[in-house]
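Some notes on the structure that comes next.
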Amino acid sequence: MLTVPGFVDLQVNGYLGVDFSSPYLTEEDFIRVTRSLLQTGCCGFLPTVVTASEETYQHVLPLIARVMKKKEFAGRILGIHAEGPFLSRKPGAVGAHTPEWVKEPAIGFFRQMQEWAEGNIRILTLAAEEPGAVE
């Protein structure tokens, strides 16, 4: 991962072998990675969670939100980037995301994700052409 000192990283999926979308993510690993990122000169970042199962969102979003509250990271973890699950299932468009976890855009599920994330989702990647995306 290339981090330019003094800049903000808008999409950090993980670092040092730690995947922020893993159902096995631990608070200790997330803190270790966050400290390491900040020591490289990154002044702030948005941890990115990719398309995942609902159970994984229920695990990782609250975990990240808890760490964001720590005084040590105030103003440094700038929010969560949800890269999915509202993507296109079309071959090529879905990229490395697991197609079975892709959902049509739905405000109800997004609200549930925001609840798990304690309102900290700041960037949402979605397929604008999918039904429900505008809403």
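Here, residue 1 is the first one in the sequence, and each next residue gets the next number.
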message = Could you work out, with side chain to side chain donor-acceptor pair (under 3.5 Å) as the rule, every residue matching Thr98, not counting sequence neighbours?
response = none

key: Residues which pass side chain to side chain contact (heavy atoms under 4.5 Å, CB included) with His59, listed by chain and number, not counting sequence neighbours   = Leu25, Leu63

query = Can any side-chain N or O of Arg76 pair as donor or acceptor with the backbone N or O of Cys42 at less than 3.5 Å?
reply = yes

inquiry  = So Glu130 and Ser88, do their side chains get closer than 4.5 Å, heavy atoms only?
reply    = yes

query = Listed by chain and number, what are the side chain to side chain contact (heavy atoms under 4.5 Å, CB included) partners of Arg122, not counting sequence neighbours?
reply = Leu46, Asn120

message = Under the salt bridge (charged side-chain N to carboxylate O under 4.0 Å, His left out) definition, can you give me all pairs with a residue in residues 112-121, not counting sequence neighbours?
response = Lys69-Glu118

ask   = Do Val67 and Leu16 share a hydrophobic cluster (ILVMFWY, side-chain heavy atoms under 4.5 Å, transitive)?
value = yes

note = Rounding to 0.5 Å, atoms CZ (Phe45) and CG (Leu10) come to a distance of 12.0 Å

ask   = Among all residues two or more places apart in sequence or in another chain, which pass the salt bridge (charged side-chain N to carboxylate O under 4.0 Å, His left out) test with Glu72?
value = Arg35

task = Could you point out which residue of Leu87, Asn13, Thr125 forms a side chain to side chain contact (heavy atoms under 4.5 Å, CB included) with Val50?
result = Asn13

ask   = Do Ile31 and Phe73 touch side chain to side chain, with heavy atoms closer than 4.5 Å?
value = yes

message = Among residues at least two apart in sequence or on other chains, which ones pass side chain to side chain donor-acceptor pair (under 3.5 Å) with Lys90?
response = none

query = Which atom pair, heavy atoms only, marks the closest approach of Ser22 to Thr56?
reply = C-CG2, 4.2 Å

task = Just jot down the side chain to side chain contact (heavy atoms under 4.5 Å, CB included) partners of Ala117, sequence neighbours excluded, or say none.
result = Leu61, Ile80, Gln114, Ile121

query = Who pairs with Thr34 by side chain to side chain donor-acceptor pair (under 3.5 Å), at least two apart in sequence or on another chain?
reply = none

ask   = Is there any salt bridge (charged side-chain N to carboxylate O under 4.0 Å, His left out) pair reaching into residues 45-61, and which pairs are they, with sequence neighbours excluded?
value = Glu54-Lys103

ask   = What is the minimum heavy-atom distance between Phe86 and Phe109, and which atoms define it?
value = CZ-CD2, 3.9 Å

key: Partner set under ring-ring contact (aromatic ring centres under 6.0 Å, His included) for Phe30, not counting sequence neighbours   = Phe20

note = OG1 of Thr48 to CD of Glu83, rounded to nearest 0.5 Å, is 6.5 Å

message = Going by salt bridge (charged side-chain N to carboxylate O under 4.0 Å, His left out), name the residues that satisfy it together with Glu27, two or more places apart in sequence or in a different chain.
response = Arg66, Lys70

remark   = Between Ala133 and Ala128 the two heavy atoms that sit nearest each other are CB-O, 3.4 Å

ask   = Closest approach of Thr51 and Gly84, non-hydrogen atoms and distance?
value = OG1-CA, 3.5 Å

request  = State yes or no: do Tyr57 and Ile77 share one hydrophobic cluster built from I, L, V, M, F, W and Y residues joined by side-chain heavy-atom distances below 4.5 Å, directly or via other members?
outcome  = yes

key: Which residues share a side chain to side chain donor-acceptor pair (under 3.5 Å) with Asp19, sequence neighbours left out   = none

remark   = Here the pair of heavy atoms bringing Ile64 nearest to Pro47 is CG2-CG, 3.8 Å

inquiry  = Can you give me the closest heavy-atom contact between Trp101 and Ser53, atom names plus distance?
reply    = CD2-N, 3.5 Å

query = Should Ile107 and Met113 be regarded as members of a common hydrophobic cluster, given that ILVMFWY residues are connected when their side-chain heavy atoms come within less than 4.5 Å of each other, either directly or indirectly?
reply = yes

